[in-house]
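Just so we're on the same page: letters track the sequence lines, and every chain starts at 1. Since the model is a prediction, treat every value here as computed from it, not as a measurement.
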Number of protein chains: 4
Amino acid sequence: MHPDKKQTIIEAAMELFADKGFEGTSIRELAAKAGVNIAMVNYYFGSKEKLFEAMVEEKSTYFRERLNSILIDESKNELQKIDTIIEDYVNRITSQHKYHRVIHQELMLQQRESLHENIIAVFAKNKEVLKKIIDQGVKKKVFRKVDPELTIVTLFGTMHQALLSKSMCKFLIAKDANFDPYTDEAFKKRLINHIKQVMHAHLSHQP
Amino acid sequence: MHPDKKQTIIEAAMELFADKGFEGTSIRELAAKAGVNIAMVNYYFGSKEKLFEAMVEEKSTYFRERLNSILIDESKNELQKIDTIIEDYVNRITSQHKYHRVIHQELMLQQRESLHENIIAVFAKNKEVLKKIIDQGVKKKVFRKVDPELTIVTLFGTMHQALLSKSMCKFLIAKDANFDPYTDEAFKKRLINHIKQVMHAHLSHQP
Amino acid sequence: MHPDKKQTIIEAAMELFADKGFEGTSIRELAAKAGVNIAMVNYYFGSKEKLFEAMVEEKSTYFRERLNSILIDESKNELQKIDTIIEDYVNRITSQHKYHRVIHQELMLQQRESLHENIIAVFAKNKEVLKKIIDQGVKKKVFRKVDPELTIVTLFGTMHQALLSKSMCKFLIAKDANFDPYTDEAFKKRLINHIKQVMHAHLSHQP
Amino acid sequence: MHPDKKQTIIEAAMELFADKGFEGTSIRELAAKAGVNIAMVNYYFGSKEKLFEAMVEEKSTYFRERLNSILIDESKNELQKIDTIIEDYVNRITSQHKYHRVIHQELMLQQRESLHENIIAVFAKNKEVLKKIIDQGVKKKVFRKVDPELTIVTLFGTMHQALLSKSMCKFLIAKDANFDPYTDEAFKKRLINHIKQVMHAHLSHQP
DNA sequence: GATGAATGAGAATTCATTCAT
DNA sequence: CATGAATGAATTCTCATTCAT
């Protein structure tokens, strides 16, 4: 029964931290949402901050183990690998947008900066994989030389900008108010196509 | 002395809100930073939230009045206009990064959502200007047809991702620790070049 | 222009103190209601408490000078004098109900007790007049011997109980909601008749 | 330990609200008087206002359940019932004078008016019982026809006027200063006799 | 292990008052 | 004379955390 409750708390925390921020979320409402006793958070995690760290750690562990499979997939050429990464990312972010929102917020604040290292490490690893793919493409002369760090920044940045704010989503989709942008397949497709188009153009040799 | 103090408070607020978030900033420390009495915030603005609104309003007013000059500049062709916008944006965001950070955070939270409208409106106006430029380019057959909303999303998204987090900046620049990324001209140039490259490739006809 | 502003403040104070109590009224709203500067209250009266005292003093001075005329009126017998007093009181309280409410409240609290003396003195004087009338009636054998203090307590108590609470008024009148009980002549007449009836029965010899 | 502390707080609140009014009482001193932590009031009751409501509710519940026993007592005739009610009321008010003071104050203010309904309901029920007794007496031709609402107003009003203000009590008793009027049996008897006399005269047929 | 009660520190805000002009 | 700005003290209330059971 331990891990279940811990998990319930973490899920509730992610939900609330994403919507209200870390400081904007009180342990009281967090416990209420998770359906556990107020004292449980400190009991299990030691403090509100430690809970936050646990949440980040758990989720980032989950994300760390991806991507390599794409890298070594020999059935795809470099451009196809890029396409797969784009699709993969968009799907990840839409399905886990609350978590990405929390991370994104956290990275902008100058508090709990010890966590930044952790987050940046994940980002760095992703960059490395992408860099390897690009380097292969360059070696094979199918790609031109680009800035690998900033290329992944454009990749992530576009997705984050498009997906992490509900208000922004609504503006971009321009449809009736209260529907969930994160399950709208048409928008996901539109976004994937756009990023592919940008990346193809960016990576391919110019005329 | 009236407007000065108000301004001092707003500046201190922006600084702290950017670094610690709205809820993470207490009026106490805000007043201390601004060098005013603790009661002044409520005296001038009525509440912490109203101060926040005042800050957003003031700054967004400032940003609303740009961009049109670029649109109507007849000495530039469409691609040059895009380039100018990119340079303009990067300069703006680096010089006002704290403000952009606050706005960016705010847009992700589901609190004080009444402000989102205001913020999105500024974004929408920027998009309109960009769209006009793109449309002109398309009509003149120098640009291909692209998704205008998502194109500006990529533009903003890349900059925000690269600039709004200090940790991200440091990772990207990969230089010694405590130097200020927002005054590093080399990095700015690198970023501008990257975005220009991406945009040129994206907008121009493919081979 | 002095006395006018002072008067305006006193009137506003009476209004607000009656509805919200002394502590429940802030100088800010008081000044707003009176249409004067916030600093005027302290400027004219020295403090909020002194304003209160000034208000009580002024109004009680006004009420102190009544009643003697009734006492010495030779055209009326004792019962007629009692009747006149009842009518006079009911009219006074209805027309000055806010003030009476303030006084009544004040007398119940154990704060600013120095004012109680003042208020009780007015009450005492009223009692003295009534006592003289009753004593005359007793001497003429038209009244029986009664407790003069408690008789005036019944007199005042009935009126206060009936008139000083709007909710109580509404309950007693049992009419449609938002009308002003203090201008309802029918209710005033009903109240006067009741008190006269009570007093006549109380003072006259029993069968 | 739960109900005890709640009760302690309620008792302290009644004490202080009676002496200083609701707004004149701070949670700080309330907690100090009750000997509990300053946060307990909000912990138990949610807010100062809710504490007030809880106090009123609890006490009014207590008073709601009386009186009917007198109504159905077949061993007493109507006048005896009235006498019993008078004695009962005077005893109640003297023993619970703080509570009655709070209620009485509250009814005069135009704040927290939602509570008025509650209070008036208790008053209304008392009136109904009294009205039934009077109606019986009228039917048996031992009473004359009177205004039942205002008759109970006189009953309550006299007691409130005599008992709810310490200063008024002292004036009426005219004895040495610091003794407690609420335990002075002589004064209670005097008051009871006066009210009985008034009510007998008021209700019986006139000569 | 698990929890409801309890708490001290600190939050935002409002207050009556003062003071420079 | 009169006032808007300014302030320190005090307000209610919420917070994360602890502790006895």
- Length of the line joining I38(A):CD1 and dA16(F):C1', which is rounded to integer Å: 10 Å

- Query: Is any side-chain nitrogen or oxygen of K6(C) closer than 4.0 Å to OP1 or OP2 of dA2(F)?
  - Reply: no

- Item | Pairs flagged by salt bridge (charged side-chain N to carboxylate O under 4.0 Å, His left out) wherever residues 100-123 of chain B is involved - sequence neighbours left out | D19(B)-R101(B), E23(B)-R112(B), E106(B)-R112(B)

- Task: Using atom CD1 of I9(C) as one end and atom P of dA16(E) as the other, report the distance to the nearest whole Å.
- Result: 14 Å

- What residue among M168(D), Q105(D), K166(D) forms side-chain contact (heavy atoms from CB on, under 4.5 Å) with M108(C)? Q105(D)

- Task: Mind calculating the distance between CG (L16(A)) and P (dC15(F)) to the nearest angstrom?
- Result: 12 Å

- Task: Measure the distance from CZ on F45(D) to C1' on dC13(F) and round it to the nearest whole Å.
- Result: 15 Å

- Any chance you could encode DNA chain E as dot-bracket? Rule is Watson-Crick or G-U wobble with both distances under 3.5 Å; [ ] for pairs crossing earlier ones, | for another strand. .||||||||||||||||||||

- Candidates H160(B), H97(B), H116(B) - the one meeting ring-ring contact (aromatic ring centres under 6.0 Å, His included) with H104(B): H160(B)

- Message: Whether N37(A) contacts dA2(E) is assessed here as follows: a side-chain N or O lying under 4.0 Å from the phosphate OP1 or OP2. Is that the case?
- Response: no

- Roughly how many Å is it from CD1 in I27(C) to P in dA9(F), rounded to a whole number? 18 Å

- Note on the structure: By nearest-heavy-atom nucleotide on DNA chain E, the more 5' of N42(B) and M40(A) is M40(A)

- Specify the residues of residues 18-26 of chain B, ordered by number, for which at least one heavy atom lies under 4.0 angstrom from an atom of DNA chain F. none

- Message: Can you see if the side chain of Y43(C) gets near the phosphate of dC1(F) - specifically, an N or O under 4.0 Å from OP1 or OP2?
- Response: no

- Note on the structure: Against the side chain of K48(B), the closest entry in dT13(E), dT3(E), dT17(E) is dT13(E)

- Query: OP1, OP2 of dG10(E) versus side-chain N and O of R28(B): anything below 4.0 Å?
  - Reply: no

- Task: Give the nucleotide from the list dC19(E), dA16(E), dT12(F) with an atom nearest to the side chain of A39(C).
- Result: dC19(E)

